[in-house]
Amino acid sequence: MDYKKVMKKFGVNEGEFVEIHSEGYVYEGYILPSSKKEFFTLKLKSGYNIGIAAEKVERINKLKEEAAIEKKVFKEIEKKENLPRITILHTGGTIASKVDYRTGAVVCSFLPEDLINMFPEISEIANLDSRLIANMWSDDLRFKHISMIAKAIKEEVEKGVDGIIIGIGTDNLAPAAAGLAFALENLPIAVILVGAQRSSDRGSSDAAVNIISAANFIIKSDFSGVAICMHGSTSDDFCYILPSCKTKKMHSSARDAFKPINDTPIAKVEYPSGKIEFYKKDYIKKDKNRKLILKENFEEKVGLLKITPNMFPEQFSFYRKNKFKGLVIEGTGLGHTPAHVPNQYAKIHKKIYEEIKKLTKSGCIVIMTTTCLQGRVNMNVYNKGRDLQEAGIISGEDMLAEVAFMKLSWLLGNFEDRDKIKEMISKNLRGEIRERTLLNVEKW
Amino acid sequence: MEENIEITAGLEIHQQIGSKKLFCRCKAQLKEDNPDAIIRRRIRLAASELGEFDKAALEVFKKKYYFVYQYFKDVCCLVELDEEPPHSCDIEALKTALEVSLLINAKIPDILYVMRKTVIDGSNVSGFQRTMLVSIGGNLKLKNGKEVQIQSLALEEDAARLIAKDETKKEIIYNLDRLGIPLIELSTTPCLKTPTEVKEAALAIGELLRITCKARRGLGTIRQDLNISIKGGARVEIKGVQELELIDEYVRKEVLRQKNLIEIKKILEQRKLSKEELDEEPLNINELMKECKCNFIKEAVQNKKFVYAKKFAKMRDIFGKEIQPNRRFGTEIVSYLKAKTNIKGFIHSDEDLKKYKFEDDEIRKIKEKLRINEEDAFVIIVGNEEDCLDALRVITERCKQAIEGVPEETRNALEDGNSEYSRPLPGAARMYPETDIPPILIDKELLEEIKRNLPKTADERFEIYTKKYGLSEKLANEMKLNNYARFFEEMVEDGVEAKTLAVFLLEWITQLKRENLDVDKIDEIFIKDVIDVYMKGIVTRDNLLDFIRYCLISNEPVKEAAIKFKKDTISIKEVENKIEEIVKTNRELIKDKKEYAFSALMGDVMKELKGKIQAKILSEILRRKIAEEIELIEKS
């Protein structure tokens, strides 16, 4: 039985304070919206929620409502004249999420007043502006969103702000950072992407340390460009400023999930002191007179295919048949796919290789990256690699697959000349390719 | 006399249960060695349901501590570190909570919701404690026939263990081993009327939880909080009473405290003290104290710290009034300062100021400056300016409360039955749903199954154990509240000899533990296997303890150990005799080298017995024989 029908029967509504009679027992509490329709969800005075089967409800009486809970009104923030200006652009995600303590629903909060309320330290270092440009989890990210964020950044840059923080869900934070890095050429100021692995409603949230560290980095350093600011360790001691095109989320839940791959962090920002230590010296310095060039187009029809054992030709022909303009392959090892027929079980691989050739011939640009994450693609070492090169596959060097994917869509979206696009794939544009592969010493 | 005072008291018992943590699969075990990692975190204030900050939390938070967590990989995972969402609820713990609910005839809702209870003292890494209401209502009969009404039963996570507080580094250190161990929180209604009744209720609830055989044992596994008020007083929560036996003492001393606070209120009423009269401005008296011989004042003046004094009109003899044995109103105020400010103490005019080496003239000058009259008191605070003023505000606030009587608050139990202020009473709006765990639908069949297998009461057990099973009263008394009781019953009903099993469970395990053998290996399967071997006659009663020892040492599955043991048993006696012979002939050596004679003698033993029996067992017997010999030598 639907609890809503039972509510109707007894003339009560969600949010009302009631007593529910069920199986000889009387529960007192507020009716909350219920996710299971056969059950009432009741918030008891003790604060606990319980569920009561709708079919067992014998009677509901509306009780005198408790005094309405008064929302605290936050005082308007005073802008301090001599402080730099930072704009926070919100796109949703855990970083902006709060729990409605009554219903348990996750809601987003974007008012600068709310942010100052949550992270009061920021008001000491900057005047904050806040804009909501989307309200979504980053899993739903599409190229159009990145274009939209890039345009919003341009507007803010033109207003003369000193830096921009972008709050975004962590799942696609790294690809978004790469996308923005490509879309924003000649960026005069720092644009820092920040996420949270723990939502702001809990005391232990990493959101504050990440946002405050990002603000500190924007104000106290001369860095310009797109970067990521996230926890450097599981402790609340420091954040890393990570390169936009060399970073991957390497843990599904931990605070220090974001790691530079085939690269070092740009800098470290200590918390709470805000002290900055740079690991990279070759970044482009902030210059508010520099003119931002926006190249915000992305080709929609680009794919990413991960190589696994036991693949089928259909997994490759899919891209040709559906007229994809670009494909990034995340190949095994140095950059390989199944393509040879060593014995009877692998006969099908001949067709795979043919499909790859057909794909490139159809005009689709194909880039090879590696599932290993660490290290560089080199298709010269084994025959297989050479065959793939012959089929027209271009080496993605030491690029992360997702970054190569963003880069390829961006190249296809903004440039016409195919030869030029192919040339640019293997050329470093935004720090996505490093010529030298260094020993991974984890000590920067 | 005390039984005549009208009191209203309720209990909140927290009992650890089960062997696994509630929301991850780590084992419930405390660690004392060096942590595998240290993690430092901050907790930030979360806006509470009211959009305001929780007062209780705010007081601690104001101090801006870093929380330092000791992580042990054996007993903690990413869930404790708040680096991973919780796993599903431990079904054994939930079953136990449901079982207790059924035992007290409480009402179990159709769906349980796991909630987050905001905790920002750092004891929960996440900033909240996960808790779920398992049942409402119910009752429990005391021995004298009185019915104790139960308010609710919740299943929740235990908090991390406080290790140290470093004021200079502003660090609070916690051990994460305890975090997440399941706790049953059972609260009575405020239906208890005398200290003795409170104690009896506490004992009865303790017993109720123990008959489930899932209650954890040992120091700190059960904690009780006390809610208490007297007529004209106020509701006070005393937290962390560890000794069940002392609980009536806490009630008595709290009654005394509230009575004395009411008396203070009456005195202040007679003196017609108004709150406004306490708003006197604090005065800086550094100038007056330049020549002061009092050590800490001298030091403060030299170090450019501040000495502040403030008049407390009509408060003479109040600061010095004893409100609990050896606890004055002044001492009480110090606990407020500790909880709320950076100041740890103060001087007041009810004290013998000469003991601080104040000169008469200085006292006179202070009094003059503050315009102290006959009925007035004054307070002196030393520290930096902000802290001094902060402390004086807190003292003033507390004195204003004294005009009204007893303030509602949470207090910490002290060892002697007294208590001290810890924080305001927690507000009600501290809970919101744990969105990471789906609501738990209570399965009817599961409930029926638990209902069919409810544990027997301790008294019922005693009856059965003595009359039906033929245990001695001593063994029956020990067994009835032992965590093996239900297993014991099950085995005996299956035909196992009660006495042998009881001795195994109650005496032998302890003995083997004393011999430093790894008794953690003894679980129900082990016991069943051993008993099986015994019941089949493979091992005799006389040999049974030796056989268990043999199993533990040889580390082989019981059934395989039995075959070897059987082969060895004839020789084991021989072996024991042989080793004893070697030990006796080397008495002098043992006398000289004590335990260190072992390696020398092991050579002899191996020469004689090598290949006849496992070396491990030989060394174990030798070790035991040497120990026995040392004991003999020491006795003589």
Side-chain angles (χ1 to χ4, degrees), chain A residues 22-25 27 32 34-36 39-53 56 69-74 98-106 109 114 117-119 197-205 207-209 233-237 251-256 271-272, chain B residues 37-53 57 61 64 66-69 78 81-85 107 109-120 122 124-128 131-133 136-137 151-152 154 428-435 438-442:
Chain A
S22 168
E23 295 186 312
Y25 202 84
Y27 303 90
L32 298 186
S34 184
S35 52
K36 289 184 195 294
F39 295 89
F40 275 92
T41 303
L42 206 62
K43 185 171 193 67
L44 307 179
K45 270 189 171 172
S46 59
Y48 282 104
N49 290 5
I50 56 163
I52 304 161
K56 292 191 203 161
I69 296 162
E70 208 177 306
K71 282 254 170 178
K72 187 174 175 180
V73 182
F74 299 116
K98 282 204 309 195
V99 160
D100 178 324
Y101 291 94
R102 207 171 55 84
T103 61
V106 176
S109 158
D114 276 350
N117 173 45
M118 285 199 284
F119 320 119
Q197 292 279 76
R198 292 289 164 283
S199 58
S200 297
D201 61 86
R202 54 172 91 197
S204 62
S205 171
V209 174
S233 79
T234 183
S235 292
D236 286 334
D237 282 351
H251 198 284
S252 59
S253 59
R255 286 164 174 71
D256 57 347
Y271 179 87
Chain B
I38 301 279
I39 284 97
R40 287 162 57 82
R41 292 269 176 80
R42 275 277 173 77
I43 296 258
R44 299 181 68 85
L45 275 177
S48 74
E49 186 174 354
L50 299 174
E52 277 175 7
F53 294 135
F61 183 73
K64 284 199 173 167
Y66 246 109
F67 302 113
V68 176
Y69 298 109
L78 288 192
L81 288 179
D82 189 42
E83 284 284 44
E84 185 178 83
K107 174 77 188 152
D110 302 311
I111 295 182
L112 308 184
Y113 282 89
V114 181
M115 308 295 287
R116 297 171 172 175
K117 199 192 263 182
T118 309
V119 177
I120 66 167
N124 288 73
V125 182
S126 55
F128 52 74
T131 174
M132 61 181 119
L133 187 70
I136 307 167
Q151 191 162 314
S152 62
R430 297 198 308 163
M431 252 191 271
Y432 61 103
E434 167 56 272
T435 43
I440 300 167
L441 195 63
I442 295 299

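Chain naming here is simple, since letters A, B, ... match the order of the sequence lines and numbering starts at 1 in each.
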Problem - Reported CE-to-OG distance for the pair B/M431 and A/S46, which is rounded to 0.5 angstrom - result: 5.5 Å
Fill in the blank from the handout: Minimal heavy-atom distance between B/R42 and A/D236, with the atoms involved, is N-OD2, 2.8 Å
Handout entry: Residue part contacting chain A, namely of B/Y66, when any heavy atom lies under 4.5 Å
Key = side chain
Practice task
Say whether, by atom type as modelled, one donor and one acceptor occur between the side chain of B/D110 and the main chain of A/A53 under 3.5 angstrom.
Solution key: yes
Exercise for the section: Spell out, as yes or no, whether a donor-acceptor pair under 3.5 Å connects the side chain of A/Y48 to the backbone of B/T131. Expected result: no
Practice task
Return the option, out of B/V68, B/V114, B/L133, with the maximum number of heavy-atom pairs under 4.5 Å with chain A.
Solution key: B/L133
Completion exercise
Bottom line for A/L44: the part with an atom under 4.5 Å from chain B's heavy atoms is side chain
Fill in the blank from the handout: Per-residue tally against chain A (heavy atom, under 4.5 Å) across B/P109, B/G127, B/S126 peaks at B/S126
Handout entry: Contact leader toward chain B among A/D237, A/I52, A/L42, A/V209, where contacts are heavy-atom pairs under 4.5 Å
Key = A/D237
Problem - CZ-OG distance between B/F128 and A/S204, expressed to the nearest 0.5 angstrom - result: 6.5 Å
Problem - B/Y113 to A/S34 - nearest heavy-atom pair and separation - result: OH-OG, 4.4 Å
Handout entry: Shortest non-hydrogen contact between A/N49 and B/P433, atoms and distance
Key = ND2-CG, 3.7 Å
Problem - side chain to side chain contact (heavy atoms under 4.5 Å, CB included) evaluation trace for B/Y432 with A/R202 - result: CA-CA 10 Å; B/Y432 61 103; A/R202 54 172 91 197; 4.2 Å; yes
Handout entry: Exam field: side chain A/R198 to backbone B/D82, donor-acceptor pair closer than 3.5 Å
Key = yes
Practice task
Quick one: do A/I50 and B/K107 satisfy side chain to side chain contact (heavy atoms under 4.5 Å, CB included)? Show the steps, please.
Solution key: CA-CA 12 Å; A/I50 56 163; B/K107 174 77 188 152; over 6 Å; no
Practice task
May I ask you to decide if A/R255's main-chain N or O and B/E83's side chain share a donor-acceptor pair within less than 3.5 Å?
Solution key: yes
Handout entry: Contact origin within B/I440 toward chain A - heavy atom pairs under 4.5 Å
Key = neither
Practice task
Identify which part of A/Y271 has an atom lying under 4.5 Å from any heavy atom of chain B, answering side chain, backbone, both or neither.
Solution key: both
